[in-house]
Amino acid sequence: DLIAARLARRSPECRRLLRLLAPAERPMSVEQLALTATVFEAEGAARLPPRSSSLPRRGTDILDPDLAAGLAEAQEHGFLRTDADGRLAVRHELVGHAVVADLLPSQRPRYHAALARAFADTPGVAAAYWRRAHRLDEARGAALEAGRRAITLEAPEDALAVLERGLDLPAPADDGTGPSSDAAELAQLAAEAAYAAMRPTRAVAYAESALAALGERRDRLQHAVLEARLGRYRMAAGDAAGATAALRRAADVVPPAPSL
């Protein structure tokens with residue numbers, strides 16, 4: 001393969017840099033690149049990354065000397081592109097595929113976990129990396145945060161899409177104190193997102209799922225709020241009788257004392 005042959009001729013520093021960038025499949029800032037390298041190497045073996053020279057090198061304010069040397073070489077030989085915001089990416093997807101294909105299976109989850117930490121400020125992206133790293137609890141948590149942000153930004157379709165990806169993952173193990181609040185919260189947010197996206201039938205399904213996730217040890221106020229929302233969703237779906245029944249259940253279970 002011509003691309004693999006070209007990559008094999010490059011220095012260890014250049015290949016190290018490409019292995020950090022290629023699994024991202026998206027542009028990265030220099031700061032994200034440096035953080036990915038730090039996290040990946042901190043979670044791996046104690047030995048240092050390979051070097052092609054024992055001579056001293058000059059780094060930058062952000063990149064260590066070897067990573068800066070690898071960046072310069074990758075740019076010189078046309079493996080990288082820089083976008084208008086100064087972010088770095090592998091120039092062609094075939095080059096990225098060749099780099100990723102050369103990674104050992106045991107290395108790929110570590111690279112994706114490192115990328116998840118580097119993209120922590122973009123939880124929807126981080127959730128995808130956590131999933132590829134087989135870190136499912138972290139993936140659910142990132143999906144939940146991404147859904148909250150999308151709802152705040154009034155992007156219900158985006159919120160519903162990322163929350164459904166989170167709900168597709170196994171729920172955290174029950175610690176014996178009651179049903180997981182994570183599953184209930186995800187389902188509640190998904191219900192609100194579906195309702196805002198004008199999908200009331202989907203909202204009804206998620207609200208019922210949230211009620212089931214609460215289990216028998218339900219907080220009465222939380223139970224009442226969910227029943228009231230279910231009534232709203234059923235009314236929007238054209239089920240007046242179901243809406244009335246849900247609203248009556250909400251009135252029956254709401255605590256008599258003020259909630260504030």
Side-chain angles (χ1 to χ4, degrees), residues 4 7 12-50 62-64 66-67 70-71 74 79-80 87-90 93-150 158-175 180-183 185-187 189-190:
L7 291 169
E13 292 86 351
C14 181
R15 294 198 300 272
R16 173 194 174 205
L17 177 117
L18 291 172
R19 287 168 180 161
L20 293 167
L21 280 172
E25 299 179 352
R26 65 176 58 240
M28 297 173 63
S29 68
V30 176
E31 292 81 3
Q32 288 171 325
L33 172 63
L35 180 56
T36 302
T38 299
V39 173
F40 176 80
E41 285 150 15
E43 293 185 355
R47 66 187 183 89
L48 296 174
I62 300 170
L63 300 179
D64 67 57
D66 290 344
L67 208 53
L71 175 59
F79 288 111
L80 297 185
R87 296 178 300 174
L88 305 167
V90 176
E93 64 180 14
L94 291 178
V95 175
H97 290 162
V99 173
V100 172
D102 190 52
L103 297 176
L104 296 176
S106 61
Q107 291 178 322
R108 291 173 192 166
R110 284 179 52 210
Y111 278 109
H112 287 127
L115 287 165
R117 299 209 183 274
F119 283 89
D121 60 344
T122 313
V125 175
Y129 290 136
W130 284 126
R131 186 167 186 154
R132 294 180 192 176
H134 313 306
R135 303 270 288 271
L136 302 187
D137 287 351
E138 288 91 337
R140 280 179 68 93
L144 183 59
E145 178 59 24
R148 288 196 194 99
R149 293 191 186 188
D158 292 338
L160 183 59
V162 72
L163 288 168
E164 288 190 331
R165 287 196 291 272
L167 284 162
D168 187 47
L169 298 170
D174 189 349
D175 61 3
S180 169
S181 62
D182 173 80
E185 187 176 2
L186 264 174
L189 282 175

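Any value given below was found using the heavy atoms of this structure, including those in side chains, with hydrogens, waters and symmetry copies removed.
One finds the CD atom of E41 at 10.0 Å from the OG1 atom of T36 (value rounded to the nearest 0.5 Å). For the atom pair NE2 of H112 and CZ of R131, the computed distance is 13.0 Å after rounding to the nearest 0.5 Å. Here the CG-CG distance, from D168 to L186, works out to 11.5 Å after rounding to the nearest 0.5 Å. With rounding to the nearest 0.5 Å, the separation of CG in L104 from CZ in R19 is 8.5 Å. One finds the CG atom of L17 at 5.5 Å from the CG atom of L33 (value rounded to the nearest 0.5 Å). Rounded to the nearest 0.5 Å, atoms CG (L115) and CG (L35) are 9.5 Å apart.
Taking 4.5 Å as the limit, some side-chain heavy atom of L20 sits within range of a side-chain heavy atom of L67. Looking at heavy atoms from C-beta onward, L18 lies in side-chain contact with L80 at the 4.5 angstrom threshold. Using a 4.5 Å cut-off on side-chain heavy atoms (C-beta onward), R26 and Q32 make no contact. V90 places none of its side-chain heavy atoms less than 4.5 Å from the side chain of V99. Two residues are said to be in side-chain contact when any heavy atoms from C-beta on lie closer than 4.5 Å; D64 and T38 fail this criterion. Under the 4.5 Å side-chain criterion, counting only non-hydrogen atoms from C-beta, V100 is not in contact with Y111.
Between A187 and L167, the shortest heavy-atom distance links the atoms N-CD2, 4.2 Å. Taking each heavy atom of A113 and A133 in turn, the nearest pair found is N-CB, 3.7 Å. Across P27 and R87, no two heavy atoms sit closer than the pair CB-CB, 3.8 Å. Across D121 and R149, no two heavy atoms sit closer than the pair O-NH1, 2.9 Å. In plain terms, the two heavy atoms of A116 and A126 that are nearest each other are O-CB, 3.7 Å. Across every non-hydrogen atom of A143 and A127, the tightest pair is N-CB, 3.8 Å.
Remark: the backbone N or O of W130 is not paired with any side-chain donor or acceptor of R135 at under 3.5 angstrom. In this structure, the side chain of R108 engages the main chain of L103 through a donor-acceptor pair within 3.5 Å.
E145 has a carboxylate O that lies under 4.0 Å from a charged side-chain N of R148, or vice versa, which qualifies the two as a salt bridge.
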What do the steps show when you test F119 against M28 for side-chain contact (heavy atoms from CB on, under 4.5 Å), and what is the final call? CA-CA 9 Å; F119 283 89; M28 297 173 63; 3.7 Å; yes
